[in-house]
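The structure appears below as structure tokens.
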Amino acid sequence: MSVPELTSEEITLLLADHPAWALAREGKAITRTFQFKDFSQAWGFMSRVALLAEAQDHHPEWFNVYAKVEVTLTTHDAGQTGGLSQRDVTLAQAIDALA
């Protein structure tokens, strides 16, 4: 079942409310890089995000090297070919609350 994609107006509002996030993948995703003091802090952040994501049944794509975590949010079943949805907004808000 397809999930509704955000409109261009909703994407503009998302980026205004969460300026640390940037559009990626031709507007089909948002991304943010988090920098921590060390690997332990980065791993702790990833663990907290994993619990939020699991509770929301919406999981980020991420990349971690030492104290840096890059997070990408997209909804694979949004629209016809994937894109941004309210699921991404909700998870971005929750992630921002942890940072």
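Small disclaimer: the values here were computed from a predicted structure and weren't measured.
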Determine whether Thr72 and Trp62 make a side-chain contact, defined as any pair of heavy atoms from C-beta on separated by less than 4.5 Å.
no
A side-chain contact here means heavy atoms from C-beta on lying under 4.5 Å apart; do Phe39 and Gln41 qualify? no
Practice task
Taking Asn64 for its side chain and Lys68 for its backbone only, find out whether a donor-acceptor pair lies under 3.5 Å.
Solution key: yes
- Between the side chain of Thr7 and the main-chain N/O of Glu10, is any donor-acceptor distance below 3.5 Å? yes
Output for pair (Thr33 OG1, Phe63 CZ), nearest 0.5 Å, gives 10.5 Å
- [ ] Check whether any side-chain heavy atom of Met46 sits under 4.5 Å from a side-chain heavy atom of Val69, and report yes or no.
- [x] yes
- Task: Spell out, yes or no, whether Tyr66 and Val49 are grouped together once hydrophobic residues are joined by side-chain heavy atoms under 4.5 Å, including indirect joins.
- Result: no
Next item on the list: Indicate yes or no for a side-chain donor-acceptor contact from Asp88 to the backbone of Ser85 under 3.5 Å, with no hydrogens or angles considered.
Entry: yes
If you measure from the Lys or Arg side-chain nitrogens to the Asp or Glu carboxylate oxygens, is any gap between Glu5 and Lys28 under 4.0 Å?
yes
Using the side-chain hydrogen bond (donor to acceptor under 3.5 Å, both in side chains) rule, take Trp21 and Asp96 through it: C-alpha gap first, then chi angles, then the decisive distance, then the call. CA-CA 10 Å; Trp21 293 85; Asp96 283 351; 2.9 Å; yes
> Is any side-chain heavy atom of Leu14 less than 4.5 Å from a side-chain heavy atom of His18?
Replying inline: yes
- Message: Regarding Glu61 and His76, do their side chains bring together a donor and an acceptor under 3.5 Å, going by distance alone?
- Response: yes
Checklist entry - Is the closest side-chain heavy-atom distance between Leu84 and Thr75 below 4.5 Å? => result no
- Query: Hey, quick one: are Leu51 and Phe36 part of the same hydrophobic cluster, counting side-chain heavy atoms closer than 4.5 Å, chains of contacts allowed?
  - Reply: no
Check your understanding: Quick one: does Thr90's side chain get under 4.5 Å of Gln86's, heavy atoms only?
Key -> yes
| When clusters are formed by joining ILVMFWY residues with side-chain heavy atoms under 4.5 Å apart, either directly or through shared neighbours, do Val89 and Val3 land in the same one? | no
Per side chain to side chain contact (heavy atoms under 4.5 Å, CB included), Ile30 is matched among Thr74, Val71, Leu73 by Leu73
- prompt: Should the pair Arg87-Asp77 be classified as a salt bridge under the 4.0 Å nitrogen-to-oxygen rule?
  reply: yes
Can you tell me if CD on Gln35 sees more than 12 non-hydrogen neighbours from other groups inside 6.0 Å?
yes
Nearest heavy-atom approach of Ala16 to Pro19 is O-CD, 3.7 Å
